[in-house]
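Structure first, then comments.
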Number of protein chains: 2
Amino acid sequence: MTELVRLLTRAQKLLRAAADDAMSRHGVRVGQNLVLEVLWESDGLTPGELAARLHITTPTVVNTATRMESAGLLVRRKDPADGRLVRLHLTPKARAAQRPIEEARRRLAEHATATLTDEERRHLRSALEKIIKQMSDEDNPLDPAVPKGTSSPE
Amino acid sequence: MTELVRLLTRAQKLLRAAADDAMSRHGVRVGQNLVLEVLWESDGLTPGELAARLHITTPTVVNTATRMESAGLLVRRKDPADGRLVRLHLTPKARAAQRPIEEARRRLAEHATATLTDEERRHLRSALEKIIKQMSDEDNPLDPAVPKGTSSPE
DNA sequence: GCCGGATCGTTAGCATGCAAACGATTCGTA
DNA sequence: TACGAATCGTTTGCATGCTAACGATCCGGC
């Protein structure tokens, strides 16, 4: 029960650590590689659009983009039509890293699931999708026992 | 393939967010609840012991413990026999939170896996265990294309 | 009995997430 | 046309992870 959550957390953590290790060999951290993955397909997105696709918040994208800009992976350009928007464009350096990074990611995923049969992978995918659907559908108020602001401010 | 990793990451993130939300209702953040979980069973552990059980690093435990100390959840005591050691002891406040927090955690896990059959849960558990074993057994050098530190004995 | 290596916890600096507050720009409406 | 509301990106501050460097303490040989 709770055990399943623990296993899921542990597996994800091991995968993330391995991914960060692999990505670091290519001069990119694990979070940045997710930004790259989207921009490789859709260059020139805004921070807000990127955040929506990655299921993270806009400030997180902004901060990551700033680090990537320092690393020479992307540049910011103001949208000529709408002064509020900023568009993120990849540099040649970022594009050159696409092939090896995608290869590293593929190899990692293959290694992680190497001991699973095709049927086990299908079951795993199905179960994860059910959990994701359940958790994102309605964020119903679990544990209404203690209202949010009432807990011991001291 | 890579898709499985993505699903696993997404599911874990949703679970963690829901857990943090639920725990916050009890004045505890998601990382702190893991420390509590261990100390409820084994009070007086050292930061190093705690880190080993939680599969995190000692500095992370130290920082979390400092925040929990500020929140009045635990106290540090020097080990009388070994001056290098620090032992973390829970306060009555932390002990009082055990029941409701465990209940909240149980409810969350139940909700997350509500749409899974018992068989699906067994399959999920089995697959996750295989991934964990594969990732933690030998951290073999994935992606040897770009060596990390210029050279390595092989 | 002393001293150098081993073993601790801590600190510092970074990456990745979040929420909240702020500032600039655009848009709809009066 | 001008002004208030909506929509952006950014900044700030925090929590949780990590590695590397540091300092204090202990232990085994000499």
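In what follows, chains carry the letters A, B, and so on, assigned in the order in which the sequence lines appear, proteins first and then strands, with residues in each chain numbered from 1.
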Derivation of the side-chain hydrogen bond (donor to acceptor under 3.5 Å, both in side chains) call for Ser136(A) and Arg10(B)
CA-CA 10 Å; Ser136(A) 51; Arg10(B) 180 124 177 73; 4.9 Å; no

Between His111(B) and Gln134(A), is there a side-chain donor-acceptor contact under 3.5 Å, judged purely by atom types and distance?
yes

Nearest-0.5 Å distance that lies between atom CG in Leu124(B) and atom CD in Glu129(B):
9.5 Å

N/O (side chain, Lys78(A)) to phosphate O (OP1/OP2, dA24(C)) under 4.0 Å
no

Pairs flagged by side-chain hydrogen bond (donor to acceptor under 3.5 Å, both in side chains) wherever residues 11-20 of chain B is involved - sequence neighbours left out:
Asp20(B)-Arg29(B)

Round to the nearest Å and state the distance from Arg76(A) atom CZ to dA24(C) atom C1'.
15 Å

Please enumerate all protein N or O atoms sitting under 3.5 Å from an N or O of nucleotides 21-23 of chain D, with distances to 0.1 Å.
none

Could you tell me the separation between the CD atom of Glu69(A) and the P atom of dG9(D), rounded to a whole number of Å?
14 Å

What integer distance in Å separates Ile56(A):CD1 from dA15(C):P?
15 Å

Taking Thr117(A) for the side chain and Glu120(A) for the main chain, is one N or O donor matched with an acceptor at less than 3.5 Å?
yes

Quick check on contacts: within residues 79-91 of chain A, what sits under 4.0 Å from DNA chain D by heavy-atom distance?
Arg84(A), Leu85(A), Val86(A)

For Thr66(A) and Arg76(A), test the side chains for any donor-to-acceptor distance below 3.5 angstrom and give the result as yes or no.
yes

Would you kindly compare Thr60(A) and Asn63(B) by the position of their nearest DNA chain C nucleotide and give the one closer to the 5′ end?
Asn63(B)

Out of dC18(D), dT10(D), dC18(C), whichever nucleotide has its closest atom nearest the side chain of Val62(A)
dT10(D)

Taking transitive links into account, so neighbours of neighbours count too, which hydrophobic residues share a cluster with Leu45(A) at under 4.5 Å side-chain distance?
Met23(A), Val28(A), Leu34(A), Val35(A), Leu36(A), Val38(A), Leu39(A), Trp40(A), Leu50(A), Leu54(A), Ile56(A), Val61(A), Met68(A), Leu73(A), Leu74(A), Val86(A), Leu88(A), Leu90(A), Ile101(A)

Check against side chain to side chain contact (heavy atoms under 4.5 Å, CB included), Leu8(B) and Ile131(B):
CA-CA 11 Å; Leu8(B) 206 151; Ile131(B) 291 176; 4.2 Å; yes

Take the protein atom CD of Gln12(A) and the nucleotide atom C1' of dG17(C), then report the distance between them rounded to whole Å.
12 Å

Expressed in angstrom and rounded to an integer, what is the separation of Leu15(A) atom CG from dG17(D) atom C1'?
16 Å

Please step through side chain to side chain contact (heavy atoms under 4.5 Å, CB included) for the pair Arg107(A) and Glu110(A), ending with a clear verdict.
CA-CA 5 Å; Arg107(A) 223 174 322 192; Glu110(A) 206 165 284; 5.6 Å; no

Between Thr57(A) and dC18(C), is there a side-chain N or O to OP1/OP2 distance below 4.0 Å?
yes

Asp20(A) CG to dC14(C) P, in whole Å, measures 16 Å

Could you tell me which non-hydrogen atom of Ile132(B) sits nearest to which non-hydrogen atom of Leu7(A), and how far apart they are?
CD1-O, 3.5 Å

Students should find that the hydrophobic cluster of Val62(A), defined by side-chain heavy atoms under 4.5 Å apart, otherwise consists of none

Is the phosphate of dG17(C), meaning OP1 or OP2, less than 4.0 Å from a side-chain N or O of Arg16(A)?
yes

Of residues 28-55 of chain A, the positions that come close to DNA chain C - non-hydrogen atoms, cut-off under 4.0 Å:
Arg29(A), Val30(A), Gly31(A), Gln32(A), His55(A)

Above 12 or not: heavy atoms from other molecules or residues under 6.0 Å from CZ of Arg87(A)?
yes

Does Thr58(B) or Arg67(A) map to a spot on DNA chain C nearer the 5' end, using the closest nucleotide for each?
Thr58(B)

